[in-house]
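By convention here, the first residue in the shown sequence is residue 1.
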Amino acid sequence: MIDFLPSNSLIQLITAFTAIGTCLLLWKFRKAAEVRFLILLEFFVTIWAFSYALEFGTPVFEEKVFFSQMSYLGIVFIPLTYFFFTTAFSQKFSLVNKQSILLSLIIPIITLILVFTNNKHGLIWKDYTLDSSTNMLYYKHGIWFWIFDMYAFTLIAWGIFNLVSSISTFTSFYKKQIRILIIASLIPVIANLMYIFNINPVPGFDWTTVSFVLTGLIIAFGIFRYKIFELIPLAREKLLGTMNEGVLVINTNGIIEEANPALIKTFGLNKKTCIHSNFMNTFQQFPAIIELLQANEDRFTDFELKHNNQTFYYQVRITALYDQRGKLSGKLMVLSDVSSSRLAEIELTKKNEQLKLQNKRNEKLIDDLDAYAHTLAHDLKNSLGVIYSSSDIILGAIEEGDMDAIKEFSAVIKESSAKTISVTNELLKMATAGHEDVKIAPIEMQQVYAAAMAQIADMVADCKATIELENNWIDAQAYAPWIEEIWINLLSNAMKYGGAPPHIKVGCELSGQGMVKYWVKDNGDGIPEDQHTKIFRKHTRLPTR
């Protein structure tokens with residue numbers, strides 16, 4: 001027979017429903033391991049409080065004992081879930097695994113077995129006493145009760161230690177959360193000690209269930225006030241661990257509070273020692289980073305890092321961090337690797353410079369070819385003029401029967417025709433120069449020179465020129481057809497404008513930096529010094545004298 005909601009029973013029912021409400025409040029954050037353990041804790045508090053409500057609601061001794069036994073279905077698991085909640089929250093996930101959970105369940109399961117078989121051994125309760133005036137059941141505890149109590153206090157103390165130790169490892173944002181959780185954790189401990197040592201305003205009433213609900217309400221306050229679990233450490237670790245950008249957080253004292261794997265790898269830091277160290281000591285090999293972090297204003301700049309003879313390029317953003325009261329709490333540095341885009345930019349700049357240089361070379365080549373064409377056209381015009389004039393003279397000599405004149409000017413026509421053919425060949429080569437596949441290759445200069453001499457053999461004979469080679473040939477890298485034309489041009493000019501008869505010297509020498517200099521010297525008067533500046537002017541032809 002259960003009375004209708006006596007005061008103690010009502011308190012426990014309110015406690016049970018409040019615990020259920022806390023579970024519902026936490027449900028949307030259940031993806032975090034620590035929140036799942038906190039939900040389980042409040043669920044076991046619900047079982048405990050609801051069983052107590054039924055115990056206080058019935059006056060029947062046997063029923064009170066039964067509901068007291070039922071309450072242990074929640075009691076034995078509360079210290080365990082609290083311990084794993086704090087362990088997960090403090091990021092000690094190596095302890096949160098199936099093996100450790102199963103191992104830690106041994107004592108709770110043994111306790112449950114002893115609770116429901118207590119009549120046979122009395123290890124949990126040696127005796128019960130029912131006070132009919134207050135409808136309260138008083139217990140005389142057995143030895144296993146105290147063993148379990150030590151087990152429970154050990155787990156709770158360990159859990160509080162997890163939270164306290166987290167203060168030194170988490171950033172200032174999480175420190176507020178941890179302080180709230182520590183305060184919330186101490187309340188059930190105090191309430192349980194009050195019950196055990198009978199320091200109680202209501203004798204026989206266990207305030208522990210109520211205190212756990214108060215704990216849940218404090219955590220609920222933390223959820224809405226400080227957004228506990230909305231930026232939970234687990235999500236932070238996963239986010240920072242998977243980011244390609246390097247992330248560094250330092251507090252106002254210059255102590256590193258956070259450094260993600262990408263940043264540690266970039267600077268080759270020691271993962272174990274860089275956290276909680278002074279950033280000036282950690283980055284002493286990178287003075288540019290120290291200078292950026294010491295600046296008062298936010299910064300966004302470029303940074304170069306050399307590693308294994310390779311240069312990496314980064315963009316660095318330094319941002320000040322402020323707490324909810326607007327007070328400076330530290331600085332955030334984000335390091336983005338832009339090496340691929342920067343190297344592509346550098347390569348593109350090189351290509352542009354090469355194109356500019358090539359354009360300048362092409363412009364010079366066009367000017368040179370233009371001047372060369374003008375010179376050849378002038379030579380061609382002269383040769384054709386000589387041929388035309390000589391033809392008229394020969395026609396007149398034929399009418400007069402002057403065979404000597406005919407022979408003389410026929411030779412002139414032959415020589416001018418040869419010159420015309422040579423000029424025409426040069427024009428054809430110049431016309432195809434822009435379309436030829438010009439390949440620089442090793443050449444034997446002696447062979448190229450011999451080919452040029454073969455083409456001007458008649459001119460050498462007519463001019464009675466002597467050509468002397470001053471030293472042995474030095475081979476070079478060049479385009480043979482063009483070099484052959486250069487020899488023809490230089491030797492022809494030496495014979496035309498040299499002495500009478502022409503005496504020509506040809507030679508070569510190493511000029512340094514892997515270059516070879518070739519020359520042609522004649523015994524003519526040469527070009528006056530005051531005309532030297534005009535030699536390479538466009539469309540300029542100096543007098544033949």
Side-chain angles (χ1 to χ4, degrees), residues 1-23 40-82 105-153 155 188 191-198 200-213 216:
M1 181 67 181
I2 299 177
D3 294 341
F4 182 71
L5 298 180
S7 59
N8 291 339
S9 181
L10 179 60
I11 292 173
Q12 294 297 344
L13 280 177
I14 293 172
T15 300
F17 285 117
T18 306
I20 292 173
T22 306
C23 290
L40 282 175
L41 185 148
E42 292 298 322
F43 171 73
F44 291 127
V45 169
T46 302
I47 296 175
W48 185 2
F50 190 71
S51 299
Y52 259 23
L54 295 177
E55 179 187 340
F56 289 125
T58 179
V60 180
F61 177 81
E62 290 77 9
E63 291 180 359
K64 281 185 175 293
V65 173
F66 172 73
F67 290 128
S68 183
Q69 290 174 325
M70 292 296 294
S71 67
Y72 269 79
L73 292 173
I75 291 172
V76 295
F77 298 112
I78 287 175
L80 190 62
T81 51
Y82 173 78
L105 282 172
I106 294 175
I107 291 181
I109 291 173
I110 292 174
T111 303
L112 276 179
I113 294 172
L114 294 177
V115 164
F116 285 99
T117 61
N118 185 73
N119 291 336
K120 298 180 179 180
H121 46 71
L123 292 175
I124 302 297
W125 302 294
K126 290 181 178 181
D127 193 15
Y128 317 95
T129 302
L130 177 61
D131 186 345
S132 57
S133 63
T134 60
N135 196 28
M136 298 283 287
L137 192 64
Y138 295 92
Y139 304 92
K140 186 177 181 182
H141 298 111
I143 188 171
W144 188 262
F145 174 88
W146 299 110
I147 293 174
F148 176 78
D149 215 45
M150 290 176 60
Y151 161 82
F153 271 102
L155 288 180
N192 193 250
L193 289 173
M194 289 170 58
Y195 172 74
I196 292 172
F197 294 104
N198 202 24
N200 198 335
V202 182
F205 185 82
D206 191 349
W207 292 93
T208 309
T209 54
V210 179
S211 65
F212 269 114
V213 171

- Between Ile107 and Trp144, does a side chain to side chain contact (heavy atoms under 4.5 Å, CB included) hold up when you go through it step by step? CA-CA 10 Å; Ile107 291 181; Trp144 188 262; 4.3 Å; yes
Shortest non-hydrogen contact from [X] toward [Y]:
X: Leu80; Y: Tyr151; answer: CD1-OH, 3.7 Å
X: Leu114; Y: His121; answer: O-CE1, 3.1 Å
X: Gly57; Y: Pro59; answer: O-CD, 4.1 Å
X: Ala152; Y: Pro79; answer: CB-CG, 3.4 Å
X: Lys64; Y: Glu55; answer: NZ-O, 2.7 Å
X: Gly74; Y: Ile78; answer: O-CG1, 3.2 Å

- Query: Does Tyr72 have any side chain to side chain contact (heavy atoms under 4.5 Å, CB included) partners at least two apart in sequence or in another chain, and if so, which?
  - Reply: Ile75, Val76, Thr111, Leu112, Val115, Ile124, Trp125, Phe145
Distance, nearest 0.5 Å, that separates [atom1] of [X] from [atom2] of [Y]:
X: Ile20; Y: Phe50; atom1: CD1; atom2: CZ; value: 8.5 Å
X: Met150; Y: Leu155; atom1: CE; atom2: CG; value: 12.0 Å
X: Leu130; Y: Glu62; atom1: CG; atom2: CD; value: 9.5 Å

- Message: Please determine whether the number of non-hydrogen atoms from other residues, nucleotides or ligands lying under 6.0 Å from atom CD1 of Ile143 exceeds 12.
- Response: no
- Message: Using the rule given for side chain to side chain contact (heavy atoms under 4.5 Å, CB included), can you reason through Phe66 versus Leu54, listing the C-alpha separation, both sets of side-chain angles and the distance that settles it, and then say yes or no?
- Response: CA-CA 10 Å; Phe66 172 73; Leu54 295 177; over 6 Å; no
